[in-house]
Every structure is written in C-alpha cells, then in structure tokens.
Amino acid sequence: MSGGIVLLILLLLPLVGAAVVASMAGNQRAAKLTAFAFAIVELVLTAVAWFAYSVADAEAGTRFQLELAVDWIPAFGTRFALGVDGIALVMIALTAVLVPIVLGFSWEEKLPAGRTVSGLMALILATQGLLVGVFAATDVFLFYVFFEAMLIPMYFLIGRFGGPRRQYAAVKFFLYSLLGGLIMLASVIGLFVVSGQRLGQGTFSWGELQQLAATLPESTQIWLFLGFFVAFAIKAPLVPFHTWLPDAGQQAPVGAGVLLVGVLDKVGTFGFLRYCLPLFPLASQRLAPLVLVLAVIGILYAGMVAIGQKDLKRFVPYTSIAHFGFIALGIFAFSTQAFAGSTLYMVNHGISTGLLFIVIGLLIVRGGSTLVADYGGVHKVAPLLAGTFLVAVLASLALPGTNSFVSEFLVLIGSFPREPVFTILATVGIIVAALYVLWLYQRTMQGPLRGTAVLGAAGGPGTVIDPVAAAEKGRTSFTDLGKREIAVLTPLIVLIILLGFFPGPVLDVINPSVQSTLTEVGLVDPVGATR
C-alpha cells in the first residue's frame with residue numbers, strides 16, 4: 001500500500017465511521033463499539049504512516065512525503081493534493097491518540113434530552129477526519145475547504161450537546177471562525193491572481209506558491225499575510241481574538257472540549273508554520289514584533305484571568321490561551337530550536353490539556369457543579385482522582401519531568417538569542433502559571449471537605465455531606481476513579497511522563513521540517529538544530 005493511499009484512508013476512514021455510527025441510533029451500545037473500533041483502526045494506520053515517514057528523506061530536502069494528488073477543479077488549477085511533513089505528521093498522530101480517549105470518556109456521558117451518544121461520537125469522528133484533511137492538504141484551496149468544513153461538526157458538538165448556554169457559545173464560535181475564514185479566502189484568491197500574473201497560470205499548489213514567495217513585493221506579501229494571519233490568530237486564539245474560546249470551552253461537552261482545545265485550536269499555530277512563514281517570508285519578518293507583542297500579552301493576561309476563574313471548564317481555555325502565547329513566541333522568534341519547541345508544545349499541550357479537561361469533567365460528573373467553590377478536600381474521598389488531577393496541573397505548569405517542560409524550555413532558549421526582551425517577559429508567565437494551577441489544586445483537592453465531597457456515617461466515603469444540595473443535583477455519592485476511567489486516563493499520563501524524559505523520537509520527526517521552514521523564511525539560525 002503506497003503512502004498516499006494510507007494518507008487518503010486516514011482522511012476518509014473517520015468520515016465513513018461517522019456516517020456508519022450516525023445510522024446506528026437505534027442501538028447505542030453497537031454504535032459506541034463501532035465508533036471506538038474506527039478510532040482504533042485510525043490509530044493503527046497513523047502508526048503505519050509514522051513508520052513509513054522517512055526522517056532521512058526529510059533531512060535530504062524532501063518537504064512532503066506520503067503524497068497523493070489528483071485533478072480536482074482543473075479550470076481553477078486546484079488539485080486534491082495530500083502530503084505530510086514532520087509538523088503535520090505529529091499533529092495527525094496527536095489527533096489519532098486523543099480521539100479514542102475522548103470516545104472512552106464519552107461512553108457514559110450524560111447528554112441533554114433528546115441527544116444520543118451515537119450522535120456525539122459520529123460528530124467526533126467527523127471532526128477527526130476533517131482535521132486530518134487540514135493537516136495533510138498541500139493545495140491551498142483544499143486546505144481552505146477543510147479549514148471551513150471542520151467548523152460544522154464542532155458547531156453541532158457545542159450547540160447540540162453542550163451546557164445551558166450552548167447555542168450562544170456555538171454561534172459565537174462559528175461566527176468568529178467564519179469571519180476569519182472569509183478574510184483568509186480573500187488572501188487565497190489574491191494568491192491565485194498573483195501567481196497567474198507571474199507564472200502565466202494561477203495555481204494553488206503549496207510548492208509552486210512557496211517558490212514564488214521570494215519574488216513578491218513586501219507590500220503584496222503583507223496584505224496577503226494579514227488575511228491568513230487573522231484567520232489563524234482567531235483559531236489559535238491570540239489576544240484580542242480569543243473571546244470565543246472561554247465560552248466554547250465552558251459550554252462544550254467535555255469530549256468535544258478536549259478536541260477543541262487540544263487539537264482544533266492548533267490549526268491556527270500550524271497555519272503560522274505551514275502558510276504564513278513560508279509563503280510570506282518578508283511579511284512574517286516585518287510583522288513579527290506585532291505578533292510577539294500579542295503573544296506576550298496573551299501569556300500574562302490569560303494567566304492572570306485564569307487565577308480568578310470561578311468556573312472549572314472556563315479555567316482550562318484561559319490556561320490554553322496563555323500556552324498559545326508561548327507557541328506563537330517560538331514561531332515568530334525564527335530559530336529552529338524555537339520552531340521545534342513550538343511544534344512539540346502543540347503536541348504536548350494537547351496531551352496535558354486533554355488530561356486536565358477530562359479530569360475536570362470527571363470531577364464535575366461526581367460533584368454536579370462546575371464551580372470551583374463547590375469543591376474542597378476531594379483527595380480525602382477520591383485519592384486517585386486527586387492524584388491524576390495533580391499530574392495534570394503539574395504538566396500544565398511545565399514541571400521538569402513532564403512533557404510540557406521540554407517544549408517550553410526549547411521555546412525560551414530558542415527565542416532568547418533573537419528576542420531577549422519578549423522572552424524575559426514571557427518567562428514571567430511561568431510564575432503566573434504556578435499561581436493559577438496550584439491555587440486551583442489547593443482549592444479543590446486540599447483543605448476541608450465541602451458540600452460536594454462525601455463522608456460516610458462513620459467518617460468513610462459513601463454519604464453526601466449536604467443531602468439537600470446533592471438531591472437537587474441528582475447525585476448520591478462521590479466515588480473514586482473506576483476501571484473504565486483509569487483506562488481512559490492512563491495513556492495520557494504515560495505520554496506525559498514518556499515525552500518528559502524521551503522527547504527525541506518526536507523531535508527527530510519535527511526537526512527537518514522546522515529547519516526547512518527557517519530556510520524558506522530566509523533567515524540564518526541563531527541557535528542551531530535541536531537533537
């Protein structure tokens with residue numbers, strides 16, 4: 001089986017799975033098993049693609065591998081073209097890892113009236129398939145199609161399966177993303193027109209447009225860059241384009257929230273690396289200070305706002321906005337170490353934030369409330385849950401030994417030689433992160449037992465402290481993690497520790513692509529490659 005066929009199957013398999021699962025609404029258990037089976041097969045095929053990818057070929061200058069291209073709309077010079085570099089491959093792998101975990105968490109999830117688990121899982125699979133298309137597209141117009149299409153299943157995940165204000169959050173998410181997409185469409189059309197003027201025939205091929213990039217005037221590059229940048233800054237999101245994310249994260253069902261914050265938002269930072277820098281190198285250099293200012297503001301502002309959050313599900317998006325600031329800092333610092341750190345950060349953030357979001361979801365299921373003030377002393381009645389929560393917040397804090405530390409460290413040491421002032425300011429965000437994650441853990445897991453915690457008649461677990469409040473919330477006990485929940489959480493914990501000590505295999509895949517990106521920008525590496 002050729003690599004291009006494997007990539008095409010990776011794209012189509014989740015979409016086929018979504019259609020099959022959606023048709024099984026009458027048998028929920030069969031629908032769950034079918035969805036999980038499709039996700040596992042996708043994970044296995046992703047492993048096949050991973051081992052088929054040649055690091056040696058990438059180091060020799062091959063930009064894309066596992067390529068497949070067929071004519072799509074010849075009149076517009078558009079092809080259905082797929083291929084992966086190291087950056088796209090690790091993002092597809094992250095998606096393949098998270099989706100089975102999300103499905104496992106959603107197995108017994110309580111949904112709004114009239115909604116089915118099969119519908120939820122079908123939309124999750126559809127989101128996965130479209131994300132593969134976004135990361136694998138090597139035709140700019142095809143990328144735009146997938147970029148817009150992936151909004152649809154996420155809109156329904158939030159709008160149909162979310163919390164009390166789900167319609168507001170879904171519409172806000174859709175309108176922000178659609179606005180960014182329309183602005184990007186103007187730049188996509190502009191690229192086609194400019195390529196037609198210079199090549200004699202318009203093209204959407206990434207490779208041809210990248211070769212054309214160096215010949216474009218800086219003013220033209222700036223206008224085209226801004227169209228892509230706004231769309232990606234909204235998706236990332238960078239301050240001040242971030243306001244949709246806290247609402248969407250708060251109202252989305254937990255599984256959808258994991259994909260939203262863990263993968264879908266990475267499309268923005270992926271877009272910076274794949275499109276903004278290589279296609280508009282002069283504009284990227286000229287406007288880098290503006291992006292760096294937004295990145296540092298996001299790190300500090302979102303971190304301070306996270307400290308004061310009263311809602312658990314709203315807390316996670318604000319921490320993510322702060323983390324995205326670090327990723328943007330690394331991308332626009334223009335060094336291979338910073339590029340590699342940012343790409344690894346995208347992967348590690350998806351894993352650590354996925355764990356944090358799921359653990360918070362498990363806490364909410366037991367406590368019946370999303371408010372931080374309703375929890376306290378949970379470690380006394382659910383020590384496994386509290387311990388997992390501790391791993392999640394320490395990974396979010398980027399504690400040495402966790403996966404996030406490696407990527408954050410690479411971003412900072414890679415950014416300092418070229419952007420020392422912004423790097424020093426960003427480092428303050430590490431202190432802020434320690435405040436918001438440890439403060440949250442202390443308020444929920446430590447201290448005296450509060451209304452949502454439980455004590456038995458003789459001091460053991462089993463009976464709710466406040467029976468009236470518990471009855472109103474429909475809950476009768478606060479239990480520790482069950483076997484299914486442990487199975488869901490264990491892979492994420494293993495990856496956090498494994499990538500904390502052995503990030504080399506992932507960095508080996510990333511490095512050739514980020515070195516190529518720096519070459520395409522036309523700058524000399526101030527630091528050197530990361531091995």
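Just so we're clear, the structure is a prediction, and the values are computed from it rather than from any experiment.
L125 places none of its side-chain heavy atoms less than 4.5 Å from the side chain of L15. Here the side chains of I183 and I234 are not in contact, with every heavy-atom distance at 4.5 Å or above. For the pair R79/V70, no side-chain contact is recorded, criterion being any heavy-atom separation below 4.5 Å from C-beta on. Contact of the E42 side chain with the V99 side chain is not registered, since no non-hydrogen atoms from C-beta on lie closer than 4.5 Å. No side-chain heavy atom of L7 sits less than 4.5 Å from a side-chain heavy atom of L11. With contacts defined as side-chain heavy-atom distances shorter than 4.5 Å, the pair N403/P503 does not qualify.
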Let me see the working for E108 and K32 under side chain to side chain contact (heavy atoms under 4.5 Å, CB included), right down to the final yes or no.
CA-CA 10 Å; E108 301 294 341; K32 295 176 187 178; 4.0 Å; yes
Steps toward ring pair (Phe, Tyr, Trp, His ring centres under 6.0 Å) verdict (Y155, F173): CA-CA 7 Å; Y155 167 80; F173 157 77; 7.8 Å; no
message: With side chain to side chain contact (heavy atoms under 4.5 Å, CB included) as the criterion, how do D265 and S320 come out once you've worked through the C-alpha distance, each side chain's angles and the decisive distance to 0.1 Å?
response: CA-CA 9 Å; D265 289 353; S320 295; 5.6 Å; no
Verdict with supporting geometry, M154 and L264, side chain to side chain contact (heavy atoms under 4.5 Å, CB included):
CA-CA 9 Å; M154 185 55 66; L264 192 136; 4.1 Å; yes
I'd like to know whether V239 forms a side chain to side chain contact (heavy atoms under 4.5 Å, CB included) with L294, so could you lay out the CA-CA distance, the side-chain angles of the two residues, the decisive distance to 0.1 Å, and finally the verdict. CA-CA 6 Å; V239 174; L294 297 181; 5.7 Å; no
>> Run F272 and F229 through ring pair (Phe, Tyr, Trp, His ring centres under 6.0 Å) and show every step you take.
In response: CA-CA 7 Å; F272 291 152; F229 173 77; 5.5 Å; yes
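Put simply, CD1 on I299 and CD1 on I327 are 10.0 Å apart, with the number rounded to the nearest 0.5 Å. Rounding to the nearest 0.5 Å gives a distance of 10.0 Å between CG of D85 and CD1 of I510. Residue I351 holds its CD1 atom at 11.0 Å from OG1 of T402, rounded to the nearest 0.5 Å.
Not one N or O on the side chain of W206 forms a donor-acceptor pair closer than 3.5 Å with the backbone of Y275. No donor-acceptor pair under 3.5 Å is formed between the side chain of R115 and the backbone N or O of F161. A donor-acceptor contact shorter than 3.5 Å is absent between the side chain of D57 and the backbone of T62. With T220 contributing its side chain and L216 its backbone, the two residues share no donor-acceptor pair below 3.5 Å. Side-chain N or O atoms of S352 include none that pairs as donor or acceptor with a backbone N or O of S396 at under 3.5 Å. Side chain of Q221 to backbone of L282: a donor-acceptor contact under 3.5 angstrom is found. The backbone N or O of S54 sits less than 3.5 Å from a side-chain atom of Q65, completing a donor-acceptor pair. In terms of modelled atom types and a separation under 3.5 Å, the side chain of T269 and the main chain of K266 share a donor-acceptor contact. Side chain of E485 to backbone of F105: no donor-acceptor contact under 3.5 angstrom is found. Not a single donor-acceptor pair under 3.5 Å links the side chain of Y144 to the backbone N or O of M184.
Here the closest heavy-atom approach between residue A231 and residue G180 is recorded as CB-O, 3.1 Å. The two residues L10 and A49 come nearest to each other via the heavy atoms CD1-CB, 4.0 Å. Taking each heavy atom of I92 and A136 in turn, the nearest pair found is CD1-CB, 4.4 Å.
A donor-acceptor pair shorter than 3.5 Å cannot be found between the side chains of S404 and H349. One side chain, S177 or K235, offers a donor N or O that lies under 3.5 Å from an acceptor on the other. Neither side chain, Q128 nor T95, offers a donor N or O lying under 3.5 Å from an acceptor on the other. Side-chain contact of D525 with S335: a donor-acceptor pair under 3.5 Å is absent, judged by distance alone. Side-chain N/O atoms of S205 and T203 include no donor and acceptor closer than 3.5 Å. In this model, no donor atom of one side chain and acceptor atom of the other lie less than 3.5 Å apart for T336 and Q515.
Screening F192, W72, F143 for a ring pair (Phe, Tyr, Trp, His ring centres under 6.0 Å) involving F204 leaves a single residue, F192.
Note on E520 versus R63: salt bridge recorded, some NZ/NE/NH1/NH2 to OD/OE distance being below 4.0 Å.
Note: F324 and Y345 fail the aromatic proximity criterion, with ring centroids not under 6.0 Å apart. For an aromatic pair to be called close, the ring centres must be under 6.0 Å apart, and F228 with F280 satisfies this. If you look at F76 and F141, their ring centroids are not closer than 6.0 Å. Between F174 and W244, the ring centre distance reaches or exceeds 6.0 Å.
Listed by chain and residue number, V16, M24, T34, F38 satisfy the side chain to side chain contact (heavy atoms under 4.5 Å, CB included) test with V20 (two or more places apart in sequence, or in another chain). The side chain to side chain contact (heavy atoms under 4.5 Å, CB included) test applied to V193 returns I189, Q197, not counting sequence neighbours.
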